[in-house]
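Here the structure comes first, spelled out in structure tokens, and everything after it is commentary.
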Amino acid sequence: MCACGPFGPYAFSGKSCSIGDNFMKILVISGFLGAGKTTFIKALAEKTDKKFVVMENEYGEVGIDGVFLASGTGQAEMKVWELTEGCICCTMKADFASSILTISNTLDPEYLVVEPTGLGKLGNILTNISQIQYERIVLLQPVTVLDVPAFDRDKEKYPEICRDQIENAATVIFTKTGALDAEELCRIASEVRAMNPQGEIVTDSCEKKEASWWNGLFERYLTKEGEENAKKREREMLQPDLENAGFTSIHLESGNQLVLFLQGVVSGVFGDIRRAKGYLPAGGAWLRFDVVDRNYSITGYEGGGDSRAVFIGRGIHRRELEEVLCPEEKNLMGKAEKMREVQMRPLLAGK
Ligand SMILES: [Zn+2]
């Protein structure tokens, strides 16, 4: 987990961590009550090297999963967040969203495993998560754990939910297949295949799967967008020559000066800067900025704490950034000159 605060993974003052892990990746494990979701999540903890927080939604179910999960996984510090007042697919939609944001902002895990109630609709849960407008979360391809001996009964009793959980899963895990004969197993497998023509169906014990398969569950993004973001971050991580520069105790005279500064950043005045983030007082207000490639954005910021900024790229002109951003008396002259230069460059570049 990264400890760089609101800057996520970026490095500050020589403290370095990777660019790729600033998203909280959410893996939903659905399945009827008693299908073996909790056992599966325990196996996830044992078979992978991933550290994750679990969100348990238990409603009208015996609330012991949390205790069971936390014990004996080797992940002594596994955190379990329980929602027991309703169902995250429908009645608790709003609490579900705020819990996700709270977990992201406070615990900040790389992965969040969500275990819905047995009768939760997977499709609704995925929709509810995707509707959270927050740039720092991304959905992984969901898993459904299927109680195979109970399949006919569940399908008859809850046809809609049964179908929903199967057709929305990227991976369907068969459990409790020991007592079934091959013919029966084959019939159920083909019924499941008919409901979900694309997904992976694991009909034999997933306990036998290799670590790479288990780790793979944490690596496949559900949406194109998530996939593209991940690829982009991978590409960035593959560029070992990217440098970073961090500054604290910075300020500018006004919002207008911040605009001019960022125009300078994106037009290459301070080197080839690919990304930058920061927050600082500018005149009477605190502002937050973000730079991605040639674009920048400025938003309001509540303030508090020390101001800071980080720049990632190649050939970063550290000293010149420092002259503009750091308010030491000795830099005042250089700062004014630099601001003029920043002001001129975009104009010249536009010709
Ligand atoms: Zn529901």
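Because the structure is predicted, anything quoted here is derived from the model rather than measured. All ligand and atom numbering here is 1-based and tracks the order in the structure.
- Atoms of the protein (N, O or S only) found under 2.8 Å from the Zn ion (ligand 1) are Cys87 SG, Cys89 SG, Cys90 SG.
- Phe261 and Phe289 have perpendicular rings, their planes meeting at more than 60° on a 0 to 90° scale where under 30° would count as parallel.
- Using a 4.0 Å cut-off between a side-chain N of Lys or Arg and a carboxylate O of Asp or Glu, Glu219 and Lys50 qualify as a salt bridge.
- The side-chain contact (heavy atoms from CB on, under 4.5 Å) test applied to Arg220 returns Gln141, Thr171, Glu200, Leu217, not counting sequence neighbours.
- Applying the side-chain contact (heavy atoms from CB on, under 4.5 Å) rule to Ala189 yields the partners Phe174, Thr203; only residues at least two apart in sequence or on another chain are considered.
- Inspection of the Thr175 and Asp147 side chains reveals no N or O donor paired with an N or O acceptor under 3.5 Å.
- Listed by chain and residue number, Asn168 satisfy the side chain to side chain donor-acceptor pair (under 3.5 Å) test with Asp164 (two or more places apart in sequence, or in another chain).
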